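Heads up: numbering here begins at 1 and tracks the sequence. Model, not experiment: these values are computed from the prediction.
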Amino acid sequence: MKYTSLLFLFFFRLQFLHGVEQKWSHVVCIDESTGNTSFHDTDDPVTCNSNIANTSLTQTLFNSLTNGTLLYIKASKLSMSESLSLSYKDQIGLHSKLNNTIITCESIPLGVNHTGYGIKFIRVSSLSLRGLSFLNCGALQSSTSVNTSTSNHPQLFRSALYLLNCTDIDLSYVRIVSSIGTGLTLFDCNGVVNITNCEFKDNAVSKKESFSGGNGVYIEFTYCSPDWFALCTSDEAAKRTNNINSHYSIRDTRFIGNNASRLMTNSHLRINNGGKSFRGMGKGGGGLSVFLRGNAKYNVFYLENLNFTSNNAYNYGGGLYLHFQDSSNNNTVFLSGSYFHDNRAEQSGGAINIGFYFPMQTHEAPPRNNAIEISGTLFERNSAEVGGGVLLFSSSNEESLNNSFKFIDCIWRENEGMSGSAVMCSVIEYLPTTNSILPEPLFIDCLFEYNHIKQSLMEFSYNEPALEQTQRGSGTIYMKLFTLHFGGNTQFMHNNGTAIYAVNSIIKIANDTDISFFSNRGNYGGAIALVGLSSIQVGISVSFNFTSNNALNDGGAINDYSIDKLSSHQFGLCFIEYTYPPPCNSDEGKATFVFEDNRSMKNSGNSIYSSSLQPCSLLCCSSSSMTTLSPEKILKCIGISFNGSRFSYHVATEGTSFDYNNKSSIYYIPGKAFKLPVVMVDEVGSRLKTVPLRGMILNNDENDGDICRLEHLYTYNYHFTLFGRPERNVTLAVGTYFFRNISFKMELTLSNCPPGFNYDNGTCKCSISNGSWSYIGIYACDNTAFSALAYIGYWVGYIPVNDTRPESLITTTCPLGYCDTGNGTEIHLPSNPSSTELDVIMCRSRNRTGIICGSCIEGHSVYYHSYTYRCGPDTYCHLGVLFYILSEILPLTIIFSIVIMFRLNFTSGYLNGYVLFAQMLDSLSLEANGAVLIEQENQKRALEVLHILYSPFNFDFFTIEPLSFCFSKGWTFLQVTSIKFLTLTIALMLVILLVVIMRCSCCYKIQLLCFKSKITNSASLIQGLSAFLVLSYGLCCNSCYKILNIAMPNGMGHRGHAARVFRMGNLEYLSNEHLPYALLAMFFFVAMVVGPTLFLLLQPLGYKFLPEKVLNYAKTRWVFKRIELASPFLDTFQGCFKDRYRFFAGLYLIYRSVASGTFALYNSRFEVYLVTEVILVFMLALHAWVQPYKKKLHNHIDTGIFLIMVIVNTLTMYRYHETQVQTRSTSLEIVTDFQLFLVYVPATCLAFALLFYTLYGCLNLLKKHGYWKSNGEDDSLPDLLVSREIRTRRWTLRRPSFTTFTPKKPEELVLKYDSLTDFSCERSTIKINTTKSTQ
C-alpha cells in the first residue's frame, strides 16, 4: 500500500506539471499602472487578451470568467467589498505576476450575521491560485450538517476561501491571514489537490459571533454534501464518487496562530436515513483539520515539511486533527519532516489528534484499512489536558479493522498534559466484550525527552490506591486497553510522570529492539507502570536499560499493580512475558535487563515493584503458578538479576503476612492515633510502610454509656484512633480489606491522658480549653500530636498522692539550671502519660531526675562552685577537700590579709554602693532564673567574666561552671549549700587569727622591716570584723534563703499540693531530711543577718527619736553607755553618712536581705521581678531625695548604681515577657547586650579609679623624695588609699542635738581616732554627764 501510494504521488506531480504548462484560452489582466490600458510586456510569459479597469475583485468580474480563463493580476494590492462566487467552471486560474498580491476585504459589522466578504468556488475543476494573499476576509457559508430542529437548514460558518465539490486544485504561495473564521475550506474536493508554499496565519472566529470554525485549513469528505440535500434522504448518497481516489499534497506550508473555536451545537445530528452527520467545523485542528466520512475511500494525503506553530483548538488537536468516521476505508495519511511547536488544545491532542470513530448504535460498516504514518517529525512544547503531544483515539470492534498508527524517527520534547504528556491512547466507545479489538500503534526509533505532566507529583495522596490515581495525571505515554509496539532504538529521557503508563494494556517489544529509560520520574514507577491486566511482551534479542529513574511511591523503575494478583496469584499475569518462550533453565533468547541507580522515595522496590511475582514462576518451567518459588529465582528465570546490592533493596511486592513487634510499649490514648504493633511483610521479606487495613471493636459493652469506638475503620499506615474511657479493656480485630484477606486480633487497654490533657467525652482534650482544667506554666497544645507546650523555667511532672491515685500531674517553677530549656522558648511535653518520658524531657539533659529535677542521676553529684548546682560525674570527688581549700580558704586568707594590712574599708562612701551592687547581682539575674536564656556565645563569656569580677565581694570565689567540682560523692544541694556556713565560720576565725598573729612580737619585727612602721593596732580587729560582716552578709543571706526556699506545686485548676524544698523537690518542706539544714540556716540568719542589721539600724534611730525623758533613765543611760563601747565598730559603717542619716548603714543591709529574699517568697518569676523592681525604685527614690552621704560624690555614685539596677531589672522583665509570648526578635539580643554593658559600668569605673589613684600615689611618692616639685596646689588624695604618714588628721565632735552632756576639761575628752577607719568623717567618744545642763 505504501509503495503504491508513493508511485501514485510521482504520477500526480507529473500530471500537475503538465497542467501548469498548458495554454490558457483567455487571459484577463489587471494592470498595476493604469488599470485600463492594454499592453504586452515582452518579459512577461503571459499574454493579456483583455484588461480590466477595476482595482478590486467584483462579482461582475467573476461572472465574466469563462472556461479556460486566467485572471492575471499585475497589481500589488486589491480590495474586496462583496462576497464572490464562481460555479460550474473548468480550468480557472487566479495568478499574481508579483507572486504577492494582497487582497484585502473590507471590514464588516460583527454579530449581525453579515454575509461578509470572501470567495466561493462550487464545482470548479482545474482551479489554480498562485501568489495571492487574503487579508481580513470571511464570508458566511453553509456547513455540512443538517439540523432537523431547524427544518433541515444547515449550520453557518465563515471562511475566506470556500471550495465545494471542486476537482484538481492547485494553491501555490497563497497566504490567508486574519480571516474571520476559517482560512480555507474544502468540502468534497477530489482529484489532485496541491497546496504548496502557503501560509495560514491568525485565522480565528470572532468572539462576537456564535459561529464555529477558525481553522487554518478545513478539509472534509462529507457524508452528505451541503448542495445535495435531496440525495441525503436516499441511498444515493452512498453511491457518490466525489470522495474517492483523491490525492492531497500539502508541502512546505506554515500554519501559525490559528484558533479553532469551540463547538456551539450538538456535534451529533441525525438525518432521515438513520445515519449520523458529524459536525467537524471548529471541533479541532487549529492549523489543519481533515475529516473523512461517509464512504470516503482510497484517498491519500501527503503532508510534508509543514510547520505548525502556536495554533489553538478549544476541543481537539491544537495543530492537526485527523478524523476517520462512518464507512471511510483504505485511506492513507503520510506526515513527514514536520514541526509542531507551542500548539494548544483545551481537551486533547496538543499537537495532533488522530483516530477512528464509529458509533456503536449504527449498523453501518466501520472504518477499515485506514493507515496513518508519521515520520521525521518533532513535537515540541505542545500542551493539552490529555495527550499533550499526540492523542490517538479509536472505537473498539469485535473484529480487526486493520486501521493503523505508525511513528518512525519522531521526537517528543517538552510537551505537557495531565495524562499522556507526549502520547495518549484513548478508547472513545468501548465494546464490553472479551474480544474487543483496537488499533495497535507502532513506535520505531522514537525519542521522548523532558515531557512532563501538568499536575505536580507531590499533590498525590498516599491514602489512595494506585488504580484510583491513574486518572489524576501520569504517563509520558498513557495507554488504556491498547497494545503498543516498540521497535528499533526507543528512548525515554528526563520525563516527569512515568514514561509508559499502561492500564489493562500490553506493551510489545519487537525483536532486536533496544529500549532505554533514563532519569524519568513518576508517581508509581519511574519508567513503566503496569496497572490491572497489563504486561510487557518481549521478543528475541531485546535489551532494556533502566537508569536513574525515580518514583514517589512504589517501584523506582517498574511498578506492576494487578488486582488479580492481589486476590490470587494463581490467575494473575506475569509482568514480563516472552513472545517466543525461551527454553527452560537456559538464557538463550532471554532479554537483557540493566537496572542502575533507580530509586523509590518510599524505598519500596527501588527497581521493581509487583503485586506478586509468583505468576512468573511459570517461566521457571513450574507446573503451576501455585508453586511457590523464591522471588530471586523467579526474576532470574525472567532474565533479571542484581549485582552488588541486597535483593530486597531492588524488589518489593504486596504484603503476604503480618510480623508482630511487641518490644516497645504502646499507649492507647483516647482520641489519639496509635500505631499497631504489627507490620506486614512482602514476598521478599521486606516490611511494608503502608497497607490497606480495616479495624473493628469486638467486645463493646452497649450497656456502658461510654462505648469504645474507632474514628475511622480504614487505614493505610497502621494507625487507628480509639475513643473510650481510660483503663478500659477492648479487643481490636484488624485485617486487610483489599483483595487478600489477612487478619489478626489484639487485646488493648486505654491509657490515661498525656500531661496537659484531660479526659472528656471519649477523648483527651487540652487542659487550656477549660479553666478548671488548666495548669500553671502550660499555655498551649498541639492537638495533632497530643503534646502540650510549657514555658521554659517550669517543671511539669507526676508526684505520688495516695493509694487510690498513685500519681498526679503538677507544675511549678524550676530552679535555674535544673530543667531542660527545650528550643529556647517552649518545652514540648511527651504525648504519652509516662512519668519516665516526662522526667527525661524535663531533667535528663541536666543529669537530673525526680520531682522538680531535685536529684542527680546515679553516678552524679551536685557540684560545688556551680551557679546552677549542676550535677556532674563522681570522677574526682576524692579531691573535693583539696579543691575547697584552694578555691575558698586560700582566697579568704589572702583577702583578709590585705584588708588588715592595708586597712581597707568596704563601707566607705566610695565602695559601699559597689559592694551592694555586687551582692545584689544574683537578684538581678539576666537569665531570669532560667526563664530567659542567653544563647550567644559572646554573651555567655561576658556573663562568666561578670561572676569573676563581682563574686569575690560576696565570698563566692570562682563560681563559674568550668571551675566547679565535686566536694563529696553523692552530695546533694543541701549539703553543698551548708558548706557555705562552714566558709563563713572559717572566715570569722581567720580574721581573729590574723589579727592575733600580726600583733605578736615576731610579726612586729617583720612589719618594721617591710613597712618601716607597725601596720596593725587595736583597730585592726574592728577593721577585719567590719570587712567580714560586709562581705559575708550577701553570702549568708543567699545561702539561708536557698535552703529555706519553698516550692508550692500546683495541680489541675491551680490546686495547691504539699510544699516542697525548692531545690530538692523530692523532699517535703521541713521533713526529717530538710529540718536540720533549715535550723542551721535559721541560726546563721539570726546571728549574721538579723542581729547586725537591727544593731546598725536602731542605735542611731534611738538617739534620734527617743524622748529626752527616756534617754535620762538610768537603764537607758546604762544601755547607751554599753553601746558607746562599740562606737569604733559602728563608725566603720555609719561614719560616711550624715549624722541624722546614720541609720542608712542598716538600710543598706536591709536592701541586701530583702532583694535576695524575693526569690524565696514568690514562686512566680514575674512576681519576683516585679517586687524587686518596686524595692529598687524605692531605694533609688529614697536615696536621690535624702542624699544621706556627707560628700556629694558618694551620693552621685550610689544614685548611679541604683539607677543601673533599676534599668537592668526592668529590661530583664521585658525579656521575660517577650519570651513568654514566643517573641524571637533581634531586639532581645540588643537588649541583652545593653544589660551586660550596664552591669559592666560599676566594675569599669572602679578599675579606672584604682588606676588613677595608683598613678596619683606614685606622683606623691616622687614629690616626697624630691623628684617632683609641687606648684603650690593642694595635691591631697581622697582618704581611700592615702598612707598614715601623709593623712591629715581632722577632728570632729558630733553628738545628736537632743543629747544632754557637760564637758569639764579638755583633758577629760577621750578622743579616739583611727586614721584608716573612716576616710571622710571622724568620730569622737564623749563621756556623758549625768546632770542636766546646756550643751
Side-chain angles (χ1 to χ4, degrees), residues 755 777-778 790-800 807-824 826-830 834-877 880 925 927-934 940 959-979 1042-1043 1045-1050 1057 1059-1069 1071 1073-1074 1077 1159 1163 1165:
I778 297 177
Y791 292 121
I792 60 171
Y794 280 88
W795 179 83
V796 182
Y798 293 96
I799 62 173
E807 288 185 331
S808 176
L809 184 70
I810 64 167
T811 64
T812 186
T813 53
C814 192
L816 175 62
Y818 275 42
C819 298
D820 191 17
T821 56
N823 58 9
E826 61 193 13
I827 298 175
H828 289 259
L829 302 183
S834 170
S835 57
T836 302
E837 290 186 29
L838 191 55
D839 186 71
V840 169
I841 291 176
M842 300 303 303
C843 311
R844 201 55 56 88
S845 65
R846 308 287 186 172
N847 297 323
R848 289 186 167 274
T849 185
I851 301 174
I852 323 181
C853 303
S855 302
C856 295
I857 61 175
E858 186 177 356
H860 289 69
S861 302
V862 175
Y863 271 31
Y864 194 74
H865 279 325
S866 172
Y867 182 69
T868 60
Y869 296 94
R870 72 183 182 98
C871 290
D874 297 336
T875 309
Y876 299 102
C877 292
S925 171
E927 293 186 298
N929 200 17
V932 183
L933 296 182
I934 293 180
K940 290 181 178 179
T959 306
I960 55 177
E961 297 299 333
L963 298 181
S964 60
F965 59 89
C966 174
F967 198 99
S968 181
K969 186 176 181 180
W971 272 29
T972 64
F973 155 76
L974 292 177
Q975 293 166 312
V976 168
T977 307
S978 299
I979 294 298
K1042 288 178 180 178
I1043 292 177
N1045 198 355
I1046 186 171
M1048 297 299 298
N1050 294 276
H1057 284 251
R1060 293 186 172 269
V1061 181
F1062 183 61
R1063 286 177 173 80
M1064 281 196 68
N1066 292 335
L1067 301 181
E1068 291 189 4
Y1069 200 74
S1071 60
E1073 295 85 353
H1074 178 235
Y1077 299 97
F1159 279 100
N1163 279 328
R1165 285 184 171 81

For the atom pair [atom1] ([X]) and [atom2] ([Y]), what is the distance rounded to the nearest 0.5 Å?
X	Y	atom1	atom2	value
S855	R848	OG	CZ	8.0 Å
R1060	I852	CZ	CD1	7.5 Å
H860	T875	NE2	OG1	8.0 Å
I810	M1048	CD1	CE	10.5 Å

Identified ring-ring contact (aromatic ring centres under 6.0 Å, His included) counterpart of Y864 within the set W971, Y869, F967: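 Of the listed options, the one satisfying the test is F967.
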I'd like to check [X] versus [Y] (side-chain heavy atoms, cut-off strictly below 4.5 Å). Are they in contact?
X	Y	result
E837	L829	no
W795	P815	no
L838	L809	yes
R844	T836	no
S968	Q975	no

Residue pair D874, K969: steps toward the side-chain contact (heavy atoms from CB on, under 4.5 Å) verdict: CA-CA 6 Å; D874 297 336; K969 186 176 181 180; 3.6 Å; yes
Trace of the side-chain contact (heavy atoms from CB on, under 4.5 Å) decision for L1067 with T972: CA-CA 11 Å; L1067 301 181; T972 64; over 6 Å; no
Under 3.5 Å donor-acceptor, S1071 side chain and E1068 backbone: yes
Residues D820 and R846 bridged, charged N to O under 4.0 Å: no
Verdict with supporting geometry, F1062 and K1042, side-chain contact (heavy atoms from CB on, under 4.5 Å): CA-CA 8 Å; F1062 183 61; K1042 288 178 180 178; over 6 Å; no
Measure across [X] and [Y] and return the closest heavy-atom pair with its distance rounded to 0.1 Å.
X	Y	value
E1073	L974	O-CD1, 4.2 Å
P873	C966	O-CB, 4.4 Å
R1063	N1045	NH1-ND2, 3.5 Å
E826	I792	N-CG2, 3.7 Å
I841	P830	CD1-CD, 3.3 Å
I1046	A1059	CD1-CB, 3.4 Å

Parallel, tilted or perpendicular: rings of H1074 and Y1069 (30°, 60°):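 Y1069 vs H1074 ring planes: tilted.
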Derivation of the side-chain contact (heavy atoms from CB on, under 4.5 Å) call for I1043 and S978: CA-CA 8 Å; I1043 292 177; S978 299; 4.2 Å; yes
Side chain to side chain contact (heavy atoms under 4.5 Å, CB included) partner of N847, the single match among C853, C871, S861: C871
